[in-house]
Number of protein chains: 4
Amino acid sequence: METAPTTRSRLLAAAAKILSEKGYSSTRLTDIAEQAGLRTPAVYYYFASREALIAEVMKVGQLRLREHVESALAALPERKTPMDRICTAVQAHLQVELQLSDFATAVTRNIGQLPQAIQERLRNDGIAYIALWRGLLEDAREAREIRPDVDLRAARMLVMGALNWMPEWWDERQGSITETVSTAQSIVRHGLSTLPVRE
Amino acid sequence: METAPTTRSRLLAAAAKILSEKGYSSTRLTDIAEQAGLRTPAVYYYFASREALIAEVMKVGQLRLREHVESALAALPERKTPMDRICTAVQAHLQVELQLSDFATAVTRNIGQLPQAIQERLRNDGIAYIALWRGLLEDAREAREIRPDVDLRAARMLVMGALNWMPEWWDERQGSITETVSTAQSIVRHGLSTLPVRE
Amino acid sequence: METAPTTRSRLLAAAAKILSEKGYSSTRLTDIAEQAGLRTPAVYYYFASREALIAEVMKVGQLRLREHVESALAALPERKTPMDRICTAVQAHLQVELQLSDFATAVTRNIGQLPQAIQERLRNDGIAYIALWRGLLEDAREAREIRPDVDLRAARMLVMGALNWMPEWWDERQGSITETVSTAQSIVRHGLSTLPVRE
Amino acid sequence: METAPTTRSRLLAAAAKILSEKGYSSTRLTDIAEQAGLRTPAVYYYFASREALIAEVMKVGQLRLREHVESALAALPERKTPMDRICTAVQAHLQVELQLSDFATAVTRNIGQLPQAIQERLRNDGIAYIALWRGLLEDAREAREIRPDVDLRAARMLVMGALNWMPEWWDERQGSITETVSTAQSIVRHGLSTLPVRE
DNA sequence: TATGAATGAGTTTTCATTCAT
DNA sequence: GATGAATGAAAACTCATTCAT
């Protein structure tokens, strides 16, 4: 049996939804409150300020994104190669971002335009997630699964960019997520791999 | 007689710069005017409204992006393969976005968060640019340069997403654009190609 | 049966403290409640409104001020002159205001800036205290202890003003209250007296 | 010919008036704007914030108070005694506070309840005015015009307190300012003087 | 052609107050 | 007797926009 969501979490969810749709600067407390079935001042009963609320959404999103990807990786059998792990991360990232969590979407769509203050509160979590991807790529390189002409930093930015951009365009009515995920995996795998790719 | 072009274009350039840095909702007319060396009301001498100004920036950006990529493609020798053309587009897109034009950056960073009204004014141009990429991919597919397991629409979204995301992260002090471009080209080429890739 | 007196009086004392420190408009129910170890709504169990609470603080303060001064005067031997009585009042007023009672301080620091409604509820008590001082001065005049050039009303305002202003400046770390009181008495006595003053 | 008061100075004057009537915390930008014949946001065209506006009122008031008193002292013939100078300062202080300037009244009525930030901006001016009075009293003491039993610091606080309190009570309909001033001077002179006072 | 001056609409924030528990 | 939860009213402040000059 699920616990009824508390007002506080309803506010967080509402904020995540609005943030993922409208972006940081266009997100109004009024809209968040309405989405949560409250009047605006109620927000201040649970959060010190607009910024505090948004920062918490981001923190949760950052965390959820990472945990979901880490869980997916942890569930993988030992024998999987580093490149397999990258493909799993691709799938998990897309899934959480497109399907599971407005919080994650809120992060990927707004991370670049948050004010300094919030950016800094997210720094550690952000770095942790980037580090996770860096690790994935480095492992693959060590295993000689990534071509030597590929700059790892640029590759990481490109791959994560491709994934992060998805929410801008992706529309569940226009195509199954499964197909999108598998295309993404295929492109990433071949995009990085030394030849030939066994499939 | 036309109104003096310089002030008007200075305003456009200023708006492009601010938009590419702060994003749509955080872009203030005051900042734009200041950037252009004017006071805020001067904007209204040249543009009907904030929205009109921003819409024009986007239109210009959209156009410049497309024209730059189209020129690069046009300059290519006939004998180049469709995949070569894709790689050229990758380079041209990154170049205009990262180096040449705030207008282009303004487009790629804000296209997703513009209000309906502006989105619609950009529809045709946006579609044209997307069509250009769709054409590139379709040509490559026809030439059997793209693996059959790759969904063209998803691939296009992923590739353009990877490129569009760059301005979020890319820092000219952290690496040469040349290297980034060539990693991007390599990933895209291998990401899409049937095997083996000739280089 | 009466409601428990302790909590109610704790609230009054808390309000007196905050009022004497921050002044009427800056006094928040939250601060008062916190000072009393309660949550804000608890205030409404004991008082109809913020205004009612503050009005009562003022009423108590007004009363305490007057009673303290009256007691001091009552304790004086019959043979004391009217001017001696004034000096006693000076001492008593300063003592209650600076040492004994936040309620009294709350009154003297806020009386001028209370809203009409509260002012009116205090009218009678205020008038009574003023009448007390008027009486003291009139007695001294009748006894020819006050110079004829001194306008009694102005003198009363000046003397009470000097005393009421003390809480603004007085700092127990910067000087003993005894010395301040005796300087005040001396200035008042000589300030009003016909010459020469016997001491 | 007088210059028409600028909007900015109208705002300052309006703020001084409201501040002198309602006190710091009860002073609303709306009231100030209305008093100046404007809408609230117009305030921000001339001042960065409510605090900035109020701080400037206080600064002006502080300055005017001091300048008026200093001018009055400067106009005094050389042969005047220190005590004569004190009496002149009493008159000048009362005059500017009660008759000439809402700015001065705003200062004396609010100085104790301003937020830290403003207090600090006023520190220097406040100290200067206090120093002026300290000087007056010290000169009088050196000239043996003040009784030895009078503590100079306490005396200064009492005298300035008596004057500063006046706006709380004084009502021009209830008595001429001339009479009040002369009573104040008489009380101060006799209150401080060694005997007998020559008049 | 451009600006100084001003404002309406809207946003975050504060706070006294209510009410079910 | 007291509080957690919530809100209406109002405050400071922001910003696109207007308009006379």
Side-chain angles (χ1 to χ4, degrees), chain A residues 6-8 10-11 25-33 36-54, chain B residues 1-4 6-8 10-11 25-33 36-54, chain C residues 1 3-8 10-11 25-33 36-54, chain D residues 6-8 10-11 25-33 36-54:
Chain A
T6 64
T7 305
R8 188 172 196 281
R10 238 167 52 233
L11 275 169
S25 292
S26 301
T27 292
R28 313 273 167 245
L29 286 188
T30 308
D31 299 337
I32 294 174
L38 296 166
R39 311 294 141 171
T40 313
V43 171
Y44 289 87
Y45 188 76
Y46 297 96
F47 300 93
S49 65
R50 174 182 186 268
E51 192 169 304
L53 166 55
I54 291 180
Chain B
M1 196 181 87
E2 280 192 11
T3 38
T6 60
T7 304
R8 188 173 196 279
R10 235 167 54 232
L11 274 169
S25 292
S26 302
T27 291
R28 318 265 165 257
L29 282 191
T30 306
D31 299 336
I32 294 174
L38 297 165
R39 312 294 143 168
T40 313
V43 170
Y44 289 87
Y45 190 81
Y46 298 96
F47 300 93
S49 66
R50 174 182 187 266
E51 195 170 299
L53 166 56
I54 292 181
Chain C
M1 197 181 85
T3 38
T6 61
T7 305
R8 188 173 197 280
R10 234 168 54 234
L11 274 169
S25 293
S26 302
T27 292
R28 318 263 165 258
L29 281 192
T30 305
D31 299 338
I32 294 174
L38 297 166
R39 312 293 143 171
T40 314
V43 171
Y44 289 87
Y45 189 81
Y46 298 96
F47 300 93
S49 67
R50 174 182 187 266
E51 195 169 301
L53 166 55
I54 292 180
Chain D
T6 63
T7 304
R8 188 172 195 281
R10 239 167 53 232
L11 275 169
S25 292
S26 301
T27 292
R28 315 272 167 246
L29 286 189
T30 307
D31 300 337
I32 294 174
L38 296 167
R39 312 294 141 169
T40 313
V43 170
Y44 290 89
Y45 188 76
Y46 296 95
F47 300 92
S49 65
R50 174 182 187 267
E51 193 168 304
L53 167 55
I54 292 180

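Letters go in sequence order (proteins before strands), and every chain restarts at 1. Computed from a predicted structure; not experimentally measured.
- A close approach under 4.0 Å does not occur between any side-chain nitrogen or oxygen of D/T40 and OP1 or OP2 of E/dT7.
- Here B/R50 reaches the OP1 or OP2 of F/dA16: one of its side-chain N or O atoms lies under 4.0 Å away.
- For D/A42, taking side-chain heavy atoms from C-beta onward, the closest of the listed nucleotides E/dC15, F/dG8, E/dT7 is E/dT7.
- In this structure, C/F47 reaches neither bases nor backbone, as no heavy-atom distance under 4.0 Å exists between it and the strands shown.
- Computed from coordinates, the A/D31 CG to E/dG10 C1' distance equals 12 Å when rounded to whole Å.
- In this structure, C/R10 atom CZ and F/dA2 atom C1' are separated by 11 Å, rounded to whole Å.
- Within the shown strands, F/dA9 is the pairing partner of E/dT14 under the Watson-Crick or G-U definition, both distances less than 3.5 Å.
- Between B/L29 and A/T7, the residue whose closest nucleotide on DNA chain F is further toward the 5' end is A/T7.
- Atoms CZ (B/R28) and P (E/dT11) sit 12 Å apart, rounded to a whole Å.
- Rounded to whole angstrom, the span from the CD1 atom of C/I54 across to the P atom of E/dC15 amounts to 13 Å.
- If you check every strand for non-hydrogen atoms under 4.0 Å, D/T27 touches sugar and phosphate atoms only.
- At whole-Å resolution of the value, CG in B/L53 and P in F/dC15 are 16 Å apart.
- C/L53 and C/L11 get closest at one heavy-atom pair: CD1-O, 4.4 Å.
- Both distances falling under 3.5 Å, in either a Watson-Crick or a G-U wobble arrangement, place E/dA20 opposite F/dT3.
- Note on D/Y44: a side-chain N or O is less than 4.0 Å away from OP1 or OP2 of F/dC13.
- If you measure from atom CG of D/L38 to atom C1' of E/dG8, you get 14 Å, rounded to the nearest angstrom.
- Side-chain proximity of C/T30 to E/dA16, E/dT13, E/dA5: nearest is E/dA16.
- For the pair B/Y45 OH and E/dG4 C1', the interatomic distance rounds to 18 Å; values are reported in whole Å.
- D/R50 and D/T27 get closest at one heavy-atom pair: NH2-O, 3.0 Å.
- One can place CD1 of C/I32 at 12 Å from P of E/dC15, the figure rounded to the nearest angstrom.
- Residue C/P41 is the one, among D/E51 and C/P41, whose nearest nucleotide of DNA chain F lies closer to the 5' end (criterion: closest heavy atom).
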